[in-house]
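Since the structure comes first, as structure tokens, the remarks are kept for the end.
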Amino acid sequence: MFGMICALGTKAGSAFGLSLLYAGLFIPLSFLTWYRMLYNAVRLDSSMRYMLFFFMYGMQIFVSGIAALGFNSGGFAGWITAFKTMEDNKALGVLGIIVSFGVVRQLSYRCVSDHADS
């Protein structure tokens with residue numbers, strides 16, 4: 001995805017910086033909002049903690065959907081970024097479309113598999 005961001009031109013630096021910020025911020029937050037929330041909910045058998053966990057789960061699915069779209073200069077390399085890159089560099093655009101398709105597939109599998117288990 002670094003090549004896609006570089007192909008975008010002048011705004012690529014801010015998009016790459018945002019992607020680094022997101023990686024540094026979301027990795028520790030995923031531990032706090034996933035593992036710790038679910039662990040505490042199961043350990044304490046608290047319905048409020050379960051509700052908070054599922055709220056955070058829904059928020060992550062929402063943010064993943066925004067990331068799959070990949071708004072311009074947002075730090076995410078998604079559909080919009082892939083099609084914009086396709087104008088300048090076809091190979092990187094195709095790679096971006098393949099990766100974006102994989103993200104959407106993973107998102108939809110996550111949503112479907114969670115409901116299929118219940």
Side-chain angles (χ1 to χ4, degrees):
M1 293 301 104
F2 178 70
M4 280 183 61
I5 293 172
C6 287
L8 288 177
T10 58
K11 295 185 179 183
S14 64
F16 186 66
L18 280 173
S19 68
L20 290 176
L21 175 72
Y22 295 154
L25 185 68
F26 288 160
I27 291 171
L29 283 178
S30 69
F31 171 76
L32 293 175
T33 59
W34 277 89
Y35 174 73
R36 297 265 318 170
M37 292 266 191
L38 187 59
Y39 174 76
N40 285 333
V42 170
R43 184 174 60 100
L44 299 174
D45 196 24
S46 169
S47 62
M48 185 64 150
R49 291 188 189 260
Y50 277 113
M51 183 191 71
L52 191 58
F53 166 74
F54 285 114
F55 174 75
M56 290 296 182
Y57 182 74
M59 289 303 296
Q60 184 180 6
I61 289 177
F62 176 74
V63 170
S64 297
I66 298 292
L69 286 177
F71 291 108
N72 214 4
S73 302
F76 300 115
W79 289 104
I80 297 171
T81 309
F83 284 118
K84 186 169 174 96
T85 304
M86 189 78 122
E87 297 170 0
D88 299 330
N89 191 334
K90 299 257 188 246
L92 283 176
V94 168
L95 177 66
I97 290 170
I98 291 169
V99 169
S100 298
F101 177 74
V103 169
V104 170
R105 185 173 183 267
Q106 177 191 9
L107 245 176
S108 61
Y109 176 75
R110 183 185 307 167
C111 291
V112 170
S113 68
D114 287 345
H115 294 298
D117 291 340
S118 53

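Since the structure is predicted, the reported quantities are computational estimates derived from the model, not experimental observations. Just so it is clear, the values below take in all heavy atoms, side chains as well, and ignore hydrogens, waters and symmetry mates.
- Residues F83 and I98 fall within the same hydrophobic cluster, defined by Ile, Leu, Val, Met, Phe, Trp and Tyr side chains chained together at heavy-atom separations under 4.5 Å.
- Not counting sequence neighbours, the partners of L52 by the side-chain contact (heavy atoms from CB on, under 4.5 Å) test are M37.
- Once rounded to the nearest 0.5 Å, the distance linking CG of L95 with NZ of K90 reads 15.0 Å.
- For F31, the ring pair (Phe, Tyr, Trp, His ring centres under 6.0 Å) partners at least two apart in sequence or on another chain are Y35.
- Under the ring pair (Phe, Tyr, Trp, His ring centres under 6.0 Å) criterion, F26 pairs with Y22, sequence neighbours left out.
- Here F55 pairs with M59 under the side-chain contact (heavy atoms from CB on, under 4.5 Å) rule; sequence neighbours left out.
- Apart from M48 itself, the hydrophobic cluster it occupies contains M51, where clustering links Ile, Leu, Val, Met, Phe, Trp and Tyr at side-chain heavy-atom distances under 4.5 Å.
- What you find for A82 and G96 is that their closest heavy atoms are CB-C, 3.6 Å.
- Rounding to the nearest 0.5 Å places OH of Y50 at 9.5 Å from CG of L44.
- L32 pairs by the side-chain contact (heavy atoms from CB on, under 4.5 Å) definition with L29, R36, not counting sequence neighbours.
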